[in-house]
Amino acid sequence: MEIIHVSAECYPVAKAGGLGDVVGALPKYQNELGHIAKVVMPMYKTKFLIDNVWDVVHKGRTNIGDYWFDYTVIKEQTNKLGFDLYLVDINGLLDREKVYGYNDDTERFTAFQVAVVDWIAVWAHRPDVIHVHDHHTGLIPFIIKHCYKYQHLHEIPTVLTIHNAQYQGTMGWDKSYLLPPWDSWKWGMLDWKNNINPLASGIKCAWKVTTVSMSYLDELRQSANGLEALFEYERGKCTGILNGIDTTVWDPRNDSYLEDHFSIESVAEGKAKSKRRLCETFDLDFDKPLIVFIGRLVGEKGADILPSAISDSYYYIGRKMNFLILGSGFPEVEAQLSLLQKLAQKDYNVYIGYNESLSHLMYAGADYLLMPSRVEPCGLNQMYAMRYGTIPMVRRTGGLKDTVIDHGEKDGYGIVYNWASVGDITHSIWRAIDLFEDQEKINEVRERMMRLDFSWQHSVQQYLSLYEELLQEENEAPVKEDAVKE
Ligand code: ADP
Ligand code: GLC
């Protein structure tokens with residue numbers, strides 16, 4: 001089976017978060033099972049682009065409205081990522097340093113999607129499945145199905161995976177001219193609450209929709225940033241498939257970012273070496289438990305509660321632990337976390353920014369990883385942490401709920417709490433300190449976590465079964481033309 005993944009991110013080419021990790025791993029594991037999985041993404045100005053050698057495989061010309069542009073598709077020569085990687089170059093629109101965050105992101109990602117379909121339309125061979133990820137590629141199922149120029153592609157099954165439904169790419173109807181001419185009777189397949197909503201359109205038009213954990217799918221029917229009714233209506237085509245982790249990149253025995261490797265047998269000494277490095281670099285106390293946070297400093301991750309939770313913990317519990325924060329996001333949260341540095345007594349530090357290498361050292365050297373997420377579709381951090389013997393302290397939500405069992409329960413290993421609140425976080429910190437006093441138990445929990453299997457093996461099978469189901473369905477996609485309108 002040939003599958004083409006279309007995504008805005010793919011590690012190590014360009015990554016802003018977990019989407020990149022997933023798209024950098026899933027195709028590799030699909031290929032290992034004998035399928036042909038490829039990735040198409042925008043050509044940003046990244047180090048990976050400069051460091052590698054590329055072949056030009058296609059040159060085309062298309063338009064968004066009356067803006068005509070040339071695009072070039074290039075392919076990495078050596079297949080070093082374990083799959084064919086194609087980048088779409090659209091001069092002036094995609095060739096930027098960051099993935100997102102520009103005023104013209106709507107035009108950028110619409111142009112990318114139009115170019116991808118335009119290229120697939122003239123490709124010598126067709127993929128069996130087009131698998132799109134998140135709202136940046138959510139218009140592709142519509143374009144294939146309802147844009148006149150690409151009608152001949154409409155029998156190719158499409159799958160949309162939702163990594164995060166908070167972001168939907170909403171644009172006004174005044175932007176409808178950006179799409180290639182389409183059947184205007186089908187406007188409802190683009191619309192949600194009087195706007196064009198690429199994520200909603202993807203949910204309506206894709207043959208199947210997946211979310212990155214089972215619990216997240218359940219939660220979306222109650223809370224989906226305005227799309228709850230759509231998830232309820234389309235529940236028949238939605239499935240939750242838990243992400244895996246790339247166990248070749250994330251392996252404490254040979255992690256290329258680490259100097260001190262360790263296995264289950266040497267976890268205590270191995271972690272201590274990485275912890276010592278962190279404590280020396282960030283002026284922390286080695287003897288106290290090290291609690292870290294790694295991630296985007298945004299409300300979804302509960303990052304705004306961290307400053308109060310940390311101050312309250314020092315106040316109510318005492319200075320019995322270290323905190324080390326790595327992340328960037330809302331400027332106010334960054335500022336508050338930086339301010340706490342002034343009060344540090346060799347027990348607090350923060351690194352504002354993105355640092356892949358430091359993140360690996362933190363997963364390896366920390367005792368605990370704090371994730372007080374308000375929304376967590378899957379979460380990869382907790383799975384990386386567990387593979388490195390770091391105990392996750394997570395809020396019971398989405399993928400966190402599906403992957404972490406509290407150590408108080410049978411066969412448990414983490415610290416789980418119900419609310420993203422100062423009280424619940426502080427209480428979890430108190431529990432972490434209490435557990436740390438029992439080193440024998442800590443070692444037992446670490447070993448138990450490191451034996452857990454979060455590899456892609458199981459999830460890849462679920463995706464393949466889903467594609468196979470689609471390939472068996474003949475002729476038309478089972479899209480409900482009367483899809484719910486708001
Ligand atoms: P999300 O995609 O919502 O940000 P995930 O848990 O799925 O959350 O994945 C986050 C990924 O991004 C992990 O690989 C994590 O290590 C990484 N990450 C997040 N913030 C940073 C940062 N500031 N520096 C390095 N890596 C980071
Ligand atoms: C999103 C989610 C995160 C998930 C990741 C990969 O960014 O916020 O929970 O792990 O995608 O699917």
Side-chain angles (χ1 to χ4, degrees), residues 6-8 19 64-65 100 103-114 116-117 130-148 150 154 157-212 216-240 298-300 374-375 377 398 477-486:
V6 192
S7 169
L19 168 64
I64 45 169
Y100 318 110
N103 288 336
D104 58 352
D105 277 356
T106 297
E107 285 75 12
R108 294 174 70 224
F109 288 106
T110 308
F112 167 63
Q113 296 176 82
V114 172
V116 169
V117 176
I130 299 179
H131 190 152
V132 301
H133 297 263
D134 273 353
H135 75 83
H136 328 97
T137 54
L139 291 171
I140 288 180
F142 177 88
I143 297 175
I144 286 176
K145 191 130 180 63
H146 300 301
C147 290
Y148 298 119
Y150 305 116
H154 83 276
T158 49
V159 174
L160 165 69
T161 291
I162 300 178
H163 298 260
N164 198 330
Q166 292 298 111
Y167 306 96
Q168 301 170 2
T170 305
M171 56 178 110
W173 270 102
D174 57 331
K175 301 264 180 178
S176 64
Y177 71 94
L178 296 176
L179 291 166
W182 48 278
D183 178 355
S184 54
W185 286 100
K186 299 296 185 308
W187 69 273
M189 305 304 274
L190 287 172
D191 185 75
W192 193 255
K193 297 186 178 172
N194 302 323
N195 280 307
I196 294 180
N197 183 316
L199 189 72
S201 173
I203 298 168
K204 293 175 186 185
C205 297
W207 292 34
K208 290 277 182 192
V209 175
T210 70
T211 60
V212 289
Y216 186 51
L217 180 56
D218 292 340
E219 289 166 9
L220 285 171
R221 287 187 207 121
Q222 313 299 324
S223 166
N225 201 8
L227 299 186
E228 300 77 13
L230 185 59
F231 279 106
E232 183 59 37
Y233 185 79
E234 295 286 14
R235 64 185 180 281
K237 63 154 103 155
C238 297
T239 320
V298 297
E300 261 177 78
R374 289 192 176 89
V375 182
V479 170
K480 296 173 191 154
E481 298 296 343
D482 61 341
V484 63
K485 298 185 181 81
E486 274 275 325

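Positions are given from 1 along the sequence.
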- Query: Is there a donor-acceptor pair under 3.5 Å between the side chain of Lys204 and the backbone N or O of Asp191?
  - Reply: yes

- Can you check whether Ile196 reaches Ser201 side chain to side chain, under 4.5 Å on heavy atoms? no

- Who passes side chain to side chain donor-acceptor pair (under 3.5 Å) against Asp104, sequence neighbours left out? Arg96

- Message: Assess the residue pair Ile162 and Phe231 against the criterion (side-chain contact (heavy atoms from CB on, under 4.5 Å)); give the C-alpha distance rounded to whole Å, side-chain angles, the decisive distance to 0.1 Å, and a yes or no.
- Response: CA-CA 11 Å; Ile162 300 178; Phe231 279 106; 3.6 Å; yes

- Message: Can a donor-acceptor pair be found, under 3.5 Å and without considering hydrogens, that links the side chain of Glu232 to the backbone of Glu228?
- Response: no

- Of Tyr150, Trp187, Trp182, which meets ring pair (Phe, Tyr, Trp, His ring centres under 6.0 Å) against Phe142? Trp182

- Item | Flag, side chain of Glu219 to backbone of Leu217, donor-acceptor distance under 3.5 Å | no

- Message: If you define the side chain from C-beta out and look only at heavy atoms, does anything of Cys205 sit under 4.5 Å from Thr158?
- Response: no

- Message: If you define the side chain from C-beta out and look only at heavy atoms, does anything of Leu139 sit under 4.5 Å from Met171?
- Response: yes

- Could you tell me whether a side-chain N or O of Tyr167 sits under 3.5 Å from a main-chain N or O of His136, the two making a donor and an acceptor? no

- Would you please classify the geometry between the His163 ring and the His133 ring as parallel, tilted or perpendicular, with 30° and 60° separating the classes? tilted

- Message: Could you check whether any side-chain N or O of Thr170 sits under 3.5 Å from a backbone N or O of Asn197, counting only pairs where one atom can act as donor and the other as acceptor?
- Response: no

- Query: Do the side chains of Val114 and Pro180 get nearer than 4.5 Å, heavy atoms only?
  - Reply: yes

- Task: Could you check if a side-chain atom of His146 sits within less than 4.5 angstrom of a side-chain atom of Leu190, using non-hydrogen atoms only?
- Result: no

- Item | N/O donor-acceptor pair under 3.5 Å between Gln168 side chain and Asn225 backbone | yes

- Query: Hey, does Val116 have a side-chain heavy atom less than 4.5 Å from the side chain of Ile143?
  - Reply: no

- Message: Do Val159 and Trp207 have side chains that approach each other closer than 4.5 Å (heavy atoms only, starting at C-beta)?
- Response: no

- Task: Hey, could you give me the CD1/OH distance between Ile203 and Tyr233, rounded to the nearest 0.5 Å?
- Result: 13.5 Å

- Is there a donor-acceptor pair under 3.5 Å between the side chain of Lys237 and the backbone N or O of Ala206? yes

- Message: Can you tell me how far apart CG (Leu19) and OG (Ser7) are? Round to the nearest 0.5 Å.
- Response: 4.0 Å

- Query: So, the side chain of Trp192 versus the backbone of Gly226: is there a donor-acceptor pair under 3.5 Å, distance only?
  - Reply: yes

